[in-house]
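Please read the structure below before turning to the comments.
The sequence lines fix the lettering, A, B, ..., with proteins before strands; numbering per chain opens at 1. Excluded from the calculations below are hydrogen atoms, water molecules and symmetry mates; all remaining heavy atoms, backbone and side chain alike, are included.
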Amino acid sequence: MHDWIVKAPLTINWALNNSCNFRCRHCYSRVDTDRELDRETLCAALARVAGAGVLAVNFGGGEPLLRPDLLEIAACAAGSGLQVSMNSNGYLIDAPTARALKGAGFAKIGISIDSHLPEVHDAFRGVPGSHERACAALGHLAAAGVRTSISTVICRINHGQLEELVSFALQHGVEQLNVHNFKCAGLGLANRDELDLDPGEWRAFYREALAARERGIGIDLSFDDPIIASLGLKGGAGSLVKGSVCGKLSLNIKSNGDITPCGFIPIVIGNIVTDDLAELWRTSPVLERLRHKEPAGKCVSCGHYDECLGGCSARALAIGGDFNAPDPHCWEE
Amino acid sequence: MQKIQRNPDVLWREEEGAREEALAGLDRGEDAAEVGTALLFANGQMLVLNMLGADIWQSCEGKSVDELVAGLLEEYEVDEAVLRADVTAFLAELAGKGFIRYA
């Protein structure tokens, strides 16, 4: 099935705004544009996206709940046939808000929690009490019938506490713990020396995560990072797509409508208001390069390249200056 | 007899023009089993379906395996035992990924 080509993105990560009530030290979008599309423009764009074949949209930002018209925008998306989800810090989700989110059509909401320890999370997020509010949000959403997950960006403050994070997630009744790999974008790049792990530490973390998933831990432990191919696990999206899924299965839209391959690659390939999504998907030279990477540097002689395709293209670009550069997290020699 | 229930969280679509390409290949004597025409996606897992897989996915909801096989036999000129083996293997894969369950 190697000639089979996905005709449109399956999912779109869509930043509705970049305003935020938190001050996270790894935020990728804090340095992004403040311009936001109005609701009418967004709803028209969402309908076109659905018409192009996109199946799901995941709202982010910024903190999406700071948009006063979030519920109406979500209802537009759901009404267009898209599965609607969101990432939030949870601070503004009380019981009535959770019910309203359910009513607007949210199928699933991920809450960002960086540590099982409240003091660690609060210090990292820059807001006292944020851990308690995030935990409460999980309960309110579950009571309202919205499926929940916890999103944790793995970095220096938490990489040795996977077991505790899993226990914490189980205690709070979430279906899924998403452990995201650290991206060198925005403040994540500026604070990389302080927060990122070295390649050996990434290998140790993923070995532990794979072992936990294999023995069964009562929760869906999700981690999609192409560099784990060298540990014997193929891409989470199946054998059809190897390496990064950015530009192959998904796209990112910024708050001003600019389209990028993913939220961590600062290359604009078009705009959702002025450009045709299907045409961009077919013809963008940037997407073409992401879909047809060539090994460079140590990847040239690596036996795992056919499975990992050089790892995360965003990190490669940020640190190596090119999509084809080796992933700086990679531990292979 | 247990009935098949599709997981409502599974996103799926049939790719535009892909079925026509598969049918054209069949006319040329090619193996349609190797041509992806639809895809399923949930929780980071994607499955590419050939024409038979797409037909099974679209028609399996609320049916027993026997009912599903009987319906497909009306569409495909194939030995029942072969079809049943293919269907059973495919349903096992779907169940393994959490894309269907039995109730």
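Across every non-hydrogen atom of A:Leu10 and B:Met46, the tightest pair is CD1-SD, 3.6 Å. Closest heavy-atom contact between B:Trp12 and A:Leu55: O-CD2, 3.5 Å.
For A:Thr11, the part lying near chain B is the side chain, with the backbone staying farther off; criterion is any non-hydrogen pair under 4.5 Å.
Counting only heavy atoms from C-beta outward, the side chains of B:Arg13 and A:Val54 never approach each other to under 4.5 Å.
A:Arg147 and B:Asp9 are joined by a salt bridge, as a carboxylate oxygen and a charged side-chain nitrogen come within less than 4.0 angstrom of each other.
Taking CD of B:Glu14 as the reference point, atom NZ of A:Lys7 lies at 11.0 Å (rounded to 0.5 Å).
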